[in-house]
Amino acid sequence: MKKLPRSFYLRPTITVARDLLGKTLYRRIGKKLLRGIIVEVEAYLGEKDPASHAYRGRTKRNEAMFKKGGHLYVYFTYGMHFCANVVTEDEGIGHAVLLRAIEPIEGIHIMERNRKMEDRIRRVQAALTNGPAKLCQALGIAREENGTDLLGHEIFIAGGKTVPRSQIGISPRIGIRNATEKKWRFYLRGSNFVSR
DNA sequence: TAGTTGATCGTCT
DNA sequence: GACGATCAACTAA
């Protein structure tokens, strides 16, 4: 499976968000390779978007959002969680796509360990990665991964199944308080691994 | 099943 | 000093 080229990420953010559905997200940790299908994302359009971290321009925190498309923006929130975004469009433009959920494919045992589920009561497999912070924990993505180039070898995205238009669901984003909320959340219809 | 709350801290006001 | 692109545990019914 071939890595998506830089040009994939340099396109309009909404387009990239939709096209990321069905693609395969890879995470290499040492010799171990984790893998999952992207099933849910949200677009954040920087200066045009009051809900975006980049709405008020560049700060130390959102610096990575302004990198060239194809980098990773990881932020820390609620005092305990990390969330990962795929940076889109050209350098200097603060747009990104939040990865909200994946369907685990490979390295599931390692994901369970990362999520510290070992000694817990058996859970549905979806609980492993069906939320932006869960996904990061399962894949071992944290502060150090902020700014990672997705054309590198640690974290990257490659082609997956092609998703027919009819399989893509659209809805308002989750956890946004702004009244001007747009329908910028995209997910795979019928997937059991989408967040609630 | 729905609704509420505690955890916990970096960032921006 | 307030609060958040969240989650899990808890309560009530």
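Excluded from the calculations below are hydrogen atoms, water molecules and symmetry mates; all remaining heavy atoms, backbone and side chain alike, are included. Computed from a prediction, not measured in an experiment: that's the story for all the values here. Lettering of chains follows the sequences in order, A, B, ..., and the numbering in each one begins at 1.
With sequence neighbours left out, the salt bridge (Lys or Arg N to Asp or Glu O under 4.0 Å) criterion links A/R100 to A/E40, A/E42. For A/K183, the side chain to side chain contact (heavy atoms under 4.5 Å, CB included) partners are A/I170, A/P172, not counting sequence neighbours. Taking A/Y26 as the reference, A/F156 meet the ring-ring contact (aromatic ring centres under 6.0 Å, His included) condition, with sequence neighbours excluded. Considering only residues two or more places apart in sequence or on other chains, A/Y187 meets the ring-ring contact (aromatic ring centres under 6.0 Å, His included) condition with none of them. The salt bridge (Lys or Arg N to Asp or Glu O under 4.0 Å) test applied to A/R18 returns no partner, not counting sequence neighbours. For the salt bridge (Lys or Arg N to Asp or Glu O under 4.0 Å) test, no residue two or more places apart in sequence or in another chain qualifies with A/R58. Scanning for ring-ring contact (aromatic ring centres under 6.0 Å, His included) contacts around A/Y75 gives A/H53, A/Y73, with sequence neighbours left out. Among residues two or more places apart in sequence or in another chain, the side chain to side chain donor-acceptor pair (under 3.5 Å) test is passed with A/Q137 by A/R115.
Remark: P of C/dA5 and NZ of A/K183 are 21 Å apart, rounded to the nearest angstrom. Between A/R196 atom CZ and C/dC7 atom P the separation is 10 Å, expressed in whole Å. For A/I174 and C/dT6, the CD1 to P distance is 8 Å, given to the nearest whole Å. Across the protein-nucleic acid pair, A/Q137 atom CD and C/dA5 atom C1' stand 17 Å apart, rounded to whole Å. Taking atom NZ on A/K182 and atom P on C/dA5, their separation rounds to 17 Å, with Å as the unit. Per the geometry, CZ belonging to A/R173 stands 11 Å off P belonging to C/dT6, to the nearest Å. A straight line from NE2 of A/H81 to C1' of C/dC3 spans 14 Å, rounded to a whole angstrom.
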Would you tabulate the pairs of protein nitrogen or oxygen atoms and nucleotide nitrogen or oxygen atoms of nucleotides 10-12 of chain C closer than 3.5 angstrom?
none

Using atom names, set out every protein N or O paired with an N or O of nucleotides 9-13 of chain B below 3.5 Å, distance rounded to 0.1 Å.
{"from": "B/dC12", "atom 1": "OP1", "to": "A/T59", "atom 2": "OG1", "distance (Å)": "2.4"}

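Under a 4.0 Å N-O distance rule, the pair A/D49/A/K182 does not qualify as a salt bridge.
Of the residues in residues 40-49 of chain A, those lying under 4.0 Å from DNA chain C by heavy-atom distance are A/Y44.
Dense packing is recorded around CZ of A/F76, with more than 12 heavy atoms of other residues, nucleotides or ligands lying under 6.0 Å away.
Straight-line distance between the C1' atoms of C/dC3 and B/dT5: roughly 15 Å, to the nearest whole Å.
A/T129 contributes a side-chain N or O that, together with a main-chain N or O of A/I102, makes up a donor-acceptor pair within less than 3.5 Å. Put simply, the side chain of A/R6 gets close to the backbone of A/G69: a donor and an acceptor are under 3.5 Å apart.
Stems are defined here as 3 or more consecutive Watson-Crick or G-U wobble pairs with pairing distances under 3.5 Å; those involving DNA chain C are B:1-7 with C:6-12, B:9-12 with C:1-4.
No chain of hydrophobic side-chain contacts below 4.5 Å, direct or via other Ile, Leu, Val, Met, Phe, Trp or Tyr residues, connects A/I14 to A/L10. When the side chains of ILVMFWY residues are joined at heavy-atom separations under 4.5 Å, either directly or via intervening members, A/V16 and A/L151 end up in a single hydrophobic cluster.
Checking C/dA5, C/dT6, C/dA8 against every side-chain atom of A/R115, the shortest atom distance belongs to C/dA8.
The side chain of A/R100 places an N or O atom within less than 4.0 Å of a non-bridging phosphate oxygen (OP1 or OP2) of C/dT6.
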